[in-house]
Amino acid sequence: MTITLRTMQPKDYDQLYALWTRIKGFGIRSIDDTQENVTRFLRRNPDTSVVALAGERIVGGILCGHDGRQGSFYHVCVDPNYRRQGIGKRMVVFAMEALKREQINKITLVAYTRNDGGNAFWNTIGWTRRGDLNSYDFVLNQENITAFIKEGERSKILLDKPLG
C-alpha cells in the first residue's frame with residue numbers, strides 16, 4: 001500500500017492517540033497529550049506537524065513546532081507493522097522542510113535513554129546525540145504525569161474521553 005504524508009490536523013487526534021497507545025514504551029502525558037492541548041499545539045504550529053497515512057489510516061506522526069528560534073520534535077512514531085519502510089525518515093524530512101520554510105535553522109528532540117529503537121533510528125539517519133549539555137525540567141503542574149505504554153497494554157490514562 002502506498003504511504004502518503006500530509007500536515008497533521010486536529011481531526012487526526014483520535015487516530016494518533018490510538019497509535020500512541022499501541023507502541024510499547026511510548027510516553028503519554030496526562031495533560032499535554034489531551035485532545036484539547038494537542039489541538040492548541042497544532043493551532044500554534046499549523047504547518048509543521050506531519051502524519052503518514054496508509055489509505056485513511058494514520059500509521060505515523062510527528063508533532064513538530066518551533067518558538068521562532070528552534071524547532072522541536074515530539075511524539076515521533078510509526079506503527080510497528082509499518083516500520084523499516086522509510087516512513088519515519090520521510091516524516092522527518094517533511095517536518096524539517098516545513099521548519100526551513102519558517103526560517104528555523106535547528107531542531108531538537110528528546111529520546112528517552114531506554115528507547116533503544118528510537119535512539120538507533122536517530123543515529124542511523126544522521127542526528128547527533130549531544131553529550132555537552134544537561135537537560136533540566138521544572139514541573140509546573142504535578143498532575144501532568146507521563147505514563148509509558150507496556151507491551152500488549154493500552155494506556156490507562158483518562159484523557160478527554162475513554163479509550164475505544
Side-chain angles (χ1 to χ4, degrees), residues 2-83 87-112 115 118 121-122 135-150 153-164:
T2 301
I3 303 297
T4 58
L5 304 183
R6 68 162 166 77
T7 302
M8 187 183 292
Q9 301 167 10
K11 70 179 183 176
D12 297 326
Y13 178 82
D14 289 337
Q15 284 195 65
L16 283 165
Y17 187 80
L19 174 59
W20 297 340
T21 61
R22 288 193 308 271
I23 297 176
K24 178 187 174 202
F26 200 89
I28 298 177
R29 291 190 183 164
S30 58
I31 296 172
D32 292 341
D33 294 326
T34 62
Q35 185 167 12
E36 175 185 353
N37 285 318
V38 170
T39 297
R40 183 168 41 93
F41 180 88
L42 294 173
R43 284 189 186 129
R44 182 180 172 95
N45 301 280
D47 301 317
T48 52
S49 296
V50 59
V51 290
L53 298 126
E56 297 295 316
R57 182 172 179 238
I58 293 175
V59 297
I62 300 175
L63 283 171
C64 173
H66 69 84
D67 60 9
R69 178 180 168 100
Q70 162 174 294
S72 297
F73 284 178
Y74 307 94
H75 287 358
V76 177
C77 64
V78 174
D79 184 307
N81 296 322
Y82 288 84
R83 291 184 181 164
I87 297 168
K89 186 174 182 178
R90 286 180 55 208
M91 289 191 309
V92 167
V93 169
F94 183 104
M96 290 170 65
E97 288 174 351
L99 290 171
K100 281 183 184 180
R101 286 190 298 273
E102 298 199 20
Q103 300 178 354
I104 301 300
N105 300 305
K106 181 179 179 180
I107 307 165
T108 63
L109 63 89
V110 173
Y112 290 104
N115 182 354
F121 169 76
W122 295 113
S135 177
Y136 296 91
D137 282 341
F138 189 90
V139 178
L140 294 174
N141 185 338
Q142 295 293 329
E143 294 179 13
N144 190 27
I145 61 169
T146 301
F148 293 95
I149 307 304
K150 296 178 183 168
E153 187 175 285
R154 293 178 69 95
S155 174
K156 305 269 188 302
I157 297 174
L158 292 177
L159 296 178
D160 290 341
K161 57 187 167 207
L163 297 175

Only counting residues at least two apart or in another chain, list the ones meeting side-chain hydrogen bond (donor to acceptor under 3.5 Å, both in side chains) with Glu97. none
Hey, are the side chains of Leu5 and Val51 touching, using non-hydrogen atoms and a 4.5 Å cut-off? no
Rounded to the nearest 0.5 Å, what separates atom CD1 in Ile58 from atom OH in Tyr82? 12.0 Å
Within the 4.5 Å heavy-atom criterion, are His66 and Ile107 side-chain neighbours or not? no
Check residues 70-77 and write down every donor-acceptor pair under 3.5 Å in which the side-chain atom is one partner and the other belongs to a residue at least two apart or another chain.
from	atom 1	to	atom 2	distance (Å)
His75	NE2	Asp33	OD1	3.0
His75	NE2	Asp33	OD2	2.9

First locate atom CE of Met8, then atom CE of Met91, and finally report the distance between them rounded to the nearest 0.5 Å. 8.0 Å
To the nearest 0.5 Å, what is the distance between CG (Leu63) and CG (Leu42)? 6.0 Å
To the nearest 0.5 angstrom, please state how far the OH atom of Tyr13 sits from the CG atom of Asn37. 9.0 Å
Can you sort out the partners of Asp12 under salt bridge (charged side-chain N to carboxylate O under 4.0 Å, His left out), two or more places apart, ordered by chain and number? Arg6
To check you understand the geometry: which heavy-atom pair defines the closest contact between Ala54 and Val59, and what is its length? CB-CG1, 3.9 Å
Is any side-chain heavy atom of Lys100 closer than 4.5 Å to one of Asn105? no
Go through the structure and list residues passing ring-ring contact (aromatic ring centres under 6.0 Å, His included) with Phe94, not counting sequence neighbours. none
Compare all side-chain heavy atoms of Ile3 with those of Leu53 and state whether any distance is below 4.5 angstrom. no
Separation between CD of Gln35 and CG of Asp14, rounded to the nearest 0.5 Å: 5.5 Å
Close side-chain approach of Val92 and Ile62, heavy atoms under 4.5 Å: yes
Within the structure provided, determine whether Val50 and Thr7 are in side-chain contact (heavy-atom separation under 4.5 Å). no
Any side-chain heavy-atom pair from Ile28 and Thr21 closer than 4.5 angstrom? yes
Residue pair Gly65 / Phe41: nearest heavy atoms and the distance that separates them: N-CZ, 3.6 Å
According to ring-ring contact (aromatic ring centres under 6.0 Å, His included), who are the partners of Phe121, at least two apart in sequence or on a separate chain? none
Scanning both residues in full, the closest heavy-atom pair of Cys64 with Asn45 reads O-CB, 3.7 Å
Can you list everything that forms a side chain to side chain contact (heavy atoms under 4.5 Å, CB included) with Pro80? Sequence neighbours excluded, please. Ile23, Arg83
Indicate yes or no: at least one non-hydrogen side-chain atom of Lys106 is less than 4.5 angstrom from one of Leu99. no
In Å, rounded to the nearest 0.5 Å, how long is the span from NZ of Lys11 to OG1 of Thr39? 13.0 Å
Qualifying salt bridge (charged side-chain N to carboxylate O under 4.0 Å, His left out) pairs, either residue in residues 53-76, two or more places apart: Arg57-Asp79
So, using side-chain hydrogen bond (donor to acceptor under 3.5 Å, both in side chains) as the criterion, who are the partners of Arg44 when residues are at least two apart? none
Can you list every pair that meets ring-ring contact (aromatic ring centres under 6.0 Å, His included) and has a residue in residues 42-61, with sequence neighbours left out? none
